[in-house]
Amino acid sequence: MAADKRTIGLGMDYSPSSKAAAKWAVDNLVKAGDRIILIHVLPKRADASHKELWKSTGSPLIPLLEFMEMNVQARYGINPDREVLEILQDESKSKEVEVLAKVYWGDAREKLCEAVDDLKLNTFVLGCRGLGPLKRTLLGSVSNYVVNNASCPVTVVRGPTGSNA
């Protein structure tokens with residue numbers, strides 16, 4: 001059975017689209033024994049006291065129960081959506097899925113693709129904000145970049161209709 005264990009990356013910024021991606025992954029992709037890694041990418045300018053120590057490799061893998069503690073979230077400058085964490089906690093219990101979190105600093109497009117390789121992900125799921133053509137040109141599409149550059153299969157989940165994310 002161990003050969004069937006997969007590592008699934010989940011790009012997470014707690015926007016409505018990444019929340020939809022988490023729900024989709026839990027409902028359609030995750031099987032018993034899998035490992036889910038929540039991947040957070042914070043801007044380089046984000047204030048994190050130990051960012052310098054982990055700037056090239058990202059934080060250590062953080063078990064979900066530890067990540068849910070307020071002091072850990074504050075240490076990394078992340079304000080997670082409680083509902084998403086509870087969904088993942090329920091999944092970890094019901095399907096015996098290991099859930100971990102990892103934080104990177106830098107350009108989201110590049111860091112997500114680095115994470116795919118560093119964490120040896122079997123598949124990666126992320127949300128899509130649904131930017132219009134002008135905003136996509138100015139800001140760049142993270143999901144489009146990851147789809148075209150990641151070394152594993154990528155699923156992009158569109159957020160709820162009418163989302164302002």
Please walk me through it: do D118 and T57 pass side-chain contact (heavy atoms from CB on, under 4.5 Å)?
CA-CA 8 Å; D118 293 344; T57 61; over 6 Å; no
side-chain contact (heavy atoms from CB on, under 4.5 Å), that's the test. Do L126 and V156 meet it? Break it down for me.
CA-CA 5 Å; L126 75 160; V156 179; 4.0 Å; yes
Between K23 and E83, does the salt bridge (Lys or Arg N to Asp or Glu O under 4.0 Å) criterion hold? Intermediate values first, please.
CA-CA 10 Å; K23 288 180 180 178; E83 183 183 358; 3.4 Å; yes
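The CZ atom of F124 lies 11.0 Å from the OG atom of S151; values are rounded to the nearest 0.5 Å. L65 contributes atom CG, which lies 6.5 Å from atom OG of S92 (distance to the nearest 0.5 angstrom). In this structure, the separation between CG on N28 and OG1 on T155 is 9.5 Å, given to the nearest 0.5 Å. Note that CD1 of I36 and CE of M12 are 9.5 Å apart. Values are rounded to the nearest 0.5 Å. Here CD1 of I62 is found 10.5 Å from CD of E69. Values are rounded to the nearest 0.5 Å. From D90, atom CG reaches atom CG of L85 across 11.0 Å, with rounding to the nearest 0.5 Å.
Each ring pair (Phe, Tyr, Trp, His ring centres under 6.0 Å) pair with one or both residues in residues 20-40, not counting sequence neighbours, appears once here: Y14-H40, H40-F67.
The backbone N or O of R6 sits less than 3.5 Å from a side-chain atom of D34, completing a donor-acceptor pair. Put simply, the side chain of N122 gets close to the backbone of T7: a donor and an acceptor are under 3.5 Å apart. Side chain of S17 to main chain of G127: no donor-acceptor pair is present (N/O by atom type, distance under 3.5 Å, no hydrogens or angles). At least one donor-acceptor pair closer than 3.5 Å links the side chain of K102 to the backbone N or O of S59.
Note: the hydrophobic cluster containing V147 also contains I39 (ILVMFWY, side chain heavy atoms under 4.5 Å, direct or indirect links). At a threshold of 4.5 Å between side-chain heavy atoms, the hydrophobic network of Ile, Leu, Val, Met, Phe, Trp and Tyr places L10 and Y145 in two separate groups.
Listed here is the closest heavy atom pair of L64 and L88: CD2-C, 3.9 Å. The two residues C152 and L121 have their closest heavy-atom pair at CB-O, 3.6 Å. Heavy-atom minimum distance, K5 versus G33: CG-O, 3.1 Å. Nearest approach of P63 to L100, heavy atoms of both residues: CA-CD2, 3.6 Å. Contact between S15 and D13 at its shortest, heavy atoms only, is OG-OD1, 2.7 Å. Residues T123 and P153 share a closest heavy-atom pair of OG1-O, 3.2 Å.
Remark: of the listed residues Q89, K95, K93, K95 is the sole one forming a side chain to side chain contact (heavy atoms under 4.5 Å, CB included) with E91.
In this structure, K31 has no side chain to side chain donor-acceptor pair (under 3.5 Å) partners at least two apart in sequence or on a different chain. With sequence neighbours left out, the side chain to side chain donor-acceptor pair (under 3.5 Å) criterion links D107 to R109.
No more than 12 heavy-atom neighbours from other residues, nucleotides or ligands sit within 6.0 angstrom of CG on N79.
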